[in-house]
Amino acid sequence: MIISDEFFMDLAIKQAWKYSVLTYPNPSVGCVILDKNGALLSCQAHKKAGFLHAEPTAILFALFKLNEQIFFDFIKAYYDKFFVKFLSIKELEEYDLEPNFTYEFILENHSNLLKDAKAYVTLEPCTHHGKTPPCAGLFIQLNFKDVIISCMDFNNIASGGIALLKQHNINTKFGVCGEKGKQLIEPFLSWQKGNFSFLKLAISLNGVITGGVISNTLSRTHSHKLRDVSELLVIGGNTVRIDRPTLDTRLVENGKNPDVLIYSRQNDFDKNIPLFGVKDRKVFISNSLENLEKKLVMYEGGVGMLKLAFDSKIPNLKWILLYKSNELKYGENIKFKNSFRPIFESNFENDNYGWYEIN
């Protein structure tokens with residue numbers, strides 16, 4: 001049975017969505033690798049700026065599948081270099097790998113195992129050497145036969161991958177799942193132009209969105225990772241008074257705690273509320289959301305912030321990130337008639353979560 005290009009590209013796109021916005025200031029990118037006979041070897045994504053890109057990540061795990069000894073050689077070499085120990089491939093998948101070392105390891109150990117292989121990439125492979133080596137060159141040096149691409153890279157510094165691949169006689173196809181690929185990089189295109197803003201909410205099974213912890217640990221860890229990359233965190237004054245939050249990144253190793261803007265008409269906050277005591281943080285109080293001058297802004301809050309979103313009063317608001325618990329919570333449920341259009345949905349164990357647009 002022949003499986004369509006759209007099927008494999010959709011796998012790559014869904015994998016990349018798991019790291020949407022977390023790659024700031026880089027775009028979210030996914031990559032699928034097939035062997036020369038069309039068998040699926042790997043599906044990986046870029047996880048964080050400054051670390052390994054999607055293409056070499058997918059290539060590395062494809063090599064592991066083709067030859068298990070390469071895995072053992074890699075974890076030994078990585079430990080010798082960085083004193084980081086991995087006990088399994090799954091543990092390695094969750095780690096942000098140093099790009100230059102990993103890239104060179106691939107070049108030295110691929111043994112031509114991926115000759116005539118096929119790759120599906122959600123974004124045109126890069127051609128420049130910044131913090132990470134160029135991905136297009138890796139396909140060339142490993143003798144790939146086909147590279148299928150969803151959408152072009154509009155960044156002049158990184159673009160040109162398609163042309164370079166063609167120059168080296170690699171078959172290329174562009175535009176597969178093109179609209180889905182463009183939507184995937186919408187945050188990247190938005191902050192490149194000036195700003196991407198989103199609202200994060202957590203809601204219980206019975207529709208409660210206030211009163212402390214609602215979502216599970218994995219969901220909260222994900223939101224802490226988003227705080228880590230955000231330049232500014234905006235929260236409503238009523239939420240600060242009621243929930244007395246910390247709004248830090250304690251669930252992320254070496255996480256950066258973002259500056260906070262409290263949106264409020266009154267400046268009457270108890271300075272013992274934990275968010276005021278977070279080290280290396282600036283806290284602003286303002287009755288305006290205009291001219292925040294930050295490329296990535298994360299909004300958090302409750303009913304009041306959601307009403308502002310529905311009334312189109314949050315400048316540049318693009319998407320809503322909603323964590324949905326399967327547990328009941330004591331409290332008053334929200335009462336809105338508006339609806340969301342799902343962009344991407346997945347789960348963190350028994351929590352569902354998704355990115356949505358307001359209809």
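All values below come from the heavy atoms of this structure, side chains included, with hydrogens, waters and symmetry mates left out. Keep in mind that what you see is a predicted model, and the values were worked out from it rather than measured.
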Check step by step if side chain to side chain contact (heavy atoms under 4.5 Å, CB included) holds for L226 and L321. CA-CA 11 Å; L226 288 165; L321 173 61; 3.2 Å; yes
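- Ion pairing between a basic and an acidic side chain is recognised when a charged N comes within 4.0 Å of a carboxylate O; E186 and K182 show no such pairing.
- Considering only heavy atoms from C-beta on, I343 stays 4.5 Å or farther from S20 through its side chain.
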Yes or no on side chain to side chain contact (heavy atoms under 4.5 Å, CB included) for R220 and T217, after CA distance, side-chain angles and deciding distance? CA-CA 5 Å; R220 296 199 304 277; T217 301; 3.5 Å; yes
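- The distance from the OG1 atom of T122 to the CG atom of L184 is 5.0 Å, given to the nearest 0.5 Å.
- A salt bridge links R244 with D270: the closest approach of a Lys/Arg side-chain nitrogen to an acidic carboxylate oxygen falls below 4.0 angstrom.
- Checking each of F7, F174, F8 against Y120 for a ring-ring contact (aromatic ring centres under 6.0 Å, His included) leaves exactly one that passes, namely F8.
- A perpendicular orientation is assigned to the rings of F101 and F82, their planes being inclined by more than 60° (bins at 30° and 60°).
- E253 and K225 are not joined by a salt bridge, as no carboxylate oxygen comes within less than 4.0 angstrom of a charged side-chain nitrogen.
- Salt-bridge check for D5 with K173: passed, with a basic side-chain N closer than 4.0 Å to an acidic carboxylate O.
- No side-chain donor from either of N326 and D351 sits under 3.5 Å from a side-chain acceptor of the other.
- Here the closest heavy-atom approach between residue K180 and residue D10 is recorded as NZ-OD1, 3.1 Å.
- A donor-acceptor pair under 3.5 Å links the side-chain atoms of D259 to the main chain of K282, judged by distance alone.
- No more than 12 heavy atoms of other residues, nucleotides or ligands lie within 6.0 Å of CD in E68, so this atom counts as exposed by the packing criterion.
- Under the 4.5 Å side-chain criterion, counting only non-hydrogen atoms from C-beta, L261 is in contact with L289.
- Closest of all the heavy-atom pairs between G237 and F269 is O-CE2, 3.5 Å.
- In the model, T249 has a side-chain atom that pairs as donor or acceptor with a side-chain atom of N257 under 3.5 Å.
- Sorted by first then second residue, the ring pair (Phe, Tyr, Trp, His ring centres under 6.0 Å) pairs that include residues 309-332, not counting sequence neighbours, are W17-W319, F196-W319, H222-Y323, F310-F336, F310-F340, W319-W355.
- Residue pairs meeting the side-chain hydrogen bond (donor to acceptor under 3.5 Å, both in side chains) criterion with at least one partner in residues 38-47, sequence neighbours excluded, are N26-H46, Q44-E93.
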Check against side chain to side chain contact (heavy atoms under 4.5 Å, CB included), I203 and L322: CA-CA 7 Å; I203 186 168; L322 189 62; 3.9 Å; yes
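- Of the possible polar contacts, one joining the E124 side chain to the G161 backbone as a donor-acceptor pair under 3.5 Å is found.
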Side chain to side chain contact (heavy atoms under 4.5 Å, CB included) assessment of T23 paired with V229: CA-CA 8 Å; T23 59; V229 297; over 6 Å; no
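- Within a 6.0 Å sphere centred on NZ of K329, heavy atoms belonging to other residues, nucleotides or ligands number more than 12.
- Counting heavy atoms from C-beta on, the side chains of F144 and I33 come closer than 4.5 Å.
- Here the side chain of K256 pairs a donor or acceptor atom with the backbone of S230 at under 3.5 angstrom.
- Note that R341 lies outside the cation-pi zone of Y356, set by a 6.0 Å cut-off to the ring centre and a 45° limit from the axis.
- In this structure the side chain of P99 never reaches within 4.5 angstrom of the side chain of H53, judged on heavy atoms.
- Using modelled atom types and a 3.5 Å distance limit, the side chains of D248 and T246 yield no donor-acceptor pair.
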F71 and F74: ring pair (Phe, Tyr, Trp, His ring centres under 6.0 Å), yes or no, with the steps? CA-CA 5 Å; F71 167 70; F74 179 78; 8.0 Å; no
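- A62 and L41 make their closest contact through CB-CB, 3.7 Å (heavy atoms, listed as atom of the first residue, atom of the second, distance).
- Contact between L233 and P258 at its shortest, heavy atoms only, is CB-CG, 4.0 Å.
- Within a 6.0 Å radius of CD in E293, no more than 12 heavy atoms belonging to other residues, nucleotides or ligands are found.
- Checked by atom type and distance alone, the side chain of N37 never pairs as donor or acceptor with a backbone atom of A39 at under 3.5 Å.
- One finds the CG atom of L317 at 6.0 Å from the CD1 atom of I320 (value rounded to the nearest 0.5 Å).
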Given E104 and N100, is the side chain to side chain donor-acceptor pair (under 3.5 Å) satisfied, shown in steps? CA-CA 6 Å; E104 290 303 318; N100 293 287; over 6 Å; no
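- When all heavy atoms of A49 and P25 are compared, the pair lying nearest together is CB-CD, 3.8 Å.
- Side chain of S111 to backbone of L113: no donor-acceptor contact under 3.5 angstrom is found.
- Atom CG of N267 and atom CD1 of I285 lie 3.5 Å apart (nearest 0.5 Å).
- Without hydrogens or angle criteria, R281 side chain to L275 main chain gives a donor-acceptor distance under 3.5 Å.
- Using a 4.5 Å cut-off on side-chain heavy atoms (C-beta onward), I262 and V234 make no contact.
- D73 and N109 are not linked by any side-chain donor-acceptor pair at a separation below 3.5 angstrom, with hydrogens and angles left out of the test.
- When atom types are taken as modelled, the side chain of S150 and the backbone of C177 share a donor-acceptor pair closer than 3.5 angstrom.
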Before giving the answer on side chain to side chain donor-acceptor pair (under 3.5 Å), spell out for N112 and N143 the whole-Å C-alpha distance, their side-chain angles and the decisive distance to 0.1 Å. CA-CA 7 Å; N112 220 25; N143 298 305; 3.0 Å; yes
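- No side-chain donor-acceptor contact under 3.5 Å links E98 and Y78.
- Across L232 and K294, no two heavy atoms sit closer than the pair CB-CG, 4.0 Å.
- Listed for the D311 side chain is no donor-acceptor partner under 3.5 Å among the backbone atoms of K313.
- If you take CE on M9 and OG on S4, they are separated by 10.5 Å, rounding to the nearest 0.5 Å.
- By the rule that hydrophobic residues join a cluster once side-chain heavy atoms approach within less than 4.5 Å of another member, I314 and I334 end up as members of one cluster.
- No donor-acceptor pair under 3.5 Å is formed between the side chain of S219 and the backbone N or O of S215.
- Between the CD1 atom of I59 and the SG atom of C31 there is a distance of 6.5 Å, given to the nearest 0.5 Å.
- Looking at Y299 and I235, their side chains never come closer than 4.5 Å, going by heavy atoms from C-beta outward.
- The side-chain heavy atoms of E345 and N352, taken from C-beta on, include no pair separated by under 4.5 Å.
- One distance of note links CD of E91 with CG of L87; it measures 5.0 Å at 0.5 Å rounding.
- Between the side chain of E55 and the main chain of C135, no donor-acceptor pair closer than 3.5 Å is present.
- Heavy-atom contacts from other residues, nucleotides or ligands closer than 6.0 Å to NZ of K295 number more than 12.
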